Amino acid sequence: MNCDALEITPCVPTSNTPTLLMGTFLSWNCHGIRSKLKDLKGLISIFNPVCMGLQEIFLSSTIPIKLRGYNSVPKDTATGSNHSGGVCILTSNLYPSTPLTLHTSLQAVAVQDHARTLVTVCSVYLPPHDVISQQDLDTLMDQLPTPFILSSGGKQVILHSSAKNSSESNVSV
């Protein structure tokens with residue numbers, strides 16, 4: 001199981017258990033979620049994430065992922081695609097969140113989550129053998145309110161803030 005956790009913590013922890021400034025955000029290319037629900041529950045138990053992006057879930061959006069304490073926001077793969085399987089974001093019921101409507105041909109889903117501050121989280125699956133244009137990625141990112149976290153299942157995480165002295169950061173994981 002390959003899972004990437006992005007923890008945003010304060011500069012100076014106040015105890016042995018760090019207090020999270022914004023929370024934990026996970027991203028996981030699960031290659032089919034049905035057989036991995038036990039692993040998913042284990043990750044949630046360990047990390048207690050505010051939000052979790054899942055790629056290649058291989059579920060129809062009419063079959064929601066039901067986990068106690070979490071809401072699911074799925075997006076099906078494009079019709080006729082047999083090599084990829086859709087995306088989903090799980091959001092903790094402890095924090096208010098709102099799904100965003102995206103206009104893109106990419107397999108992407110986004111939510112705005114209010115974990116101490118409002119942040120947009122987008123989970124996108126970029127199939128390894130597909131050619132993805134820079135224009136498609138730019139169009140997707142232009143739709144995301146800042147600050148945002150864009151995760152693509154462990155390949156790359158993009159953090160972006162509109163703050164005056166902030167810049168876009170790419171973090172390969």
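Atoms considered below: every heavy atom in the structure, side chains included; atoms not considered: hydrogens, waters and symmetry mates. Everything numeric here is computed off the predicted structure, so don't read it as measured data.
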Any residue meeting side chain to side chain donor-acceptor pair (under 3.5 Å) with [X], in chain and number order, not counting sequence neighbours:
X: S133; value: D136
X: T139; value: Q135
X: H114; value: none
X: T120; value: Q112

**Report entry** Residue list, side-chain contact (heavy atoms from CB on, under 4.5 Å) with N71, at least two apart or on another chain
**Finding:**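 Testing N71 for side-chain contact (heavy atoms from CB on, under 4.5 Å), a comparison that skips the adjacent residues, returns T91, N93.
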Report task. Sequence neighbours left out, what passes side-chain contact (heavy atoms from CB on, under 4.5 Å) with H103? Give chain and number order. Result ->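 Listed in chain order: T101, Q143.
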[X] side chain near [Y] side chain, heavy-atom distance below 4.5 Å:
X: L90; Y: V73; answer: no
X: I132; Y: L106; answer: yes
X: L144; Y: D142; answer: no
X: I33; Y: I65; answer: yes
X: T98; Y: V111; answer: no

**Report entry** Under 3.5 Å donor-acceptor, S72 side chain and P74 backbone
**Finding:**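 A pair under 3.5 Å: no.
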Query raised in the report: Okay, side chain of Y70, backbone of P49: is any donor-acceptor separation there less than 3.5 Å?
Result: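 Yes; judged by distance alone, with no hydrogens or angles, the pair exists.
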In Å and rounded to the nearest 0.5 Å, what is the [atom1] to [atom2] distance from [X] to [Y]?
X: M52; Y: F47; atom1: CE; atom2: CZ; answer: 9.0 Å
X: S35; Y: L37; atom1: OG; atom2: CG; answer: 8.0 Å
X: C122; Y: L150; atom1: SG; atom2: CG; answer: 5.0 Å

Looking at [X] and [Y], what are the two nearest heavy atoms and their distance?
X: V124; Y: Q55; answer: O-CG, 3.7 Å
X: Q107; Y: G86; answer: OE1-N, 2.8 Å
X: I89; Y: V109; answer: CD1-O, 3.4 Å

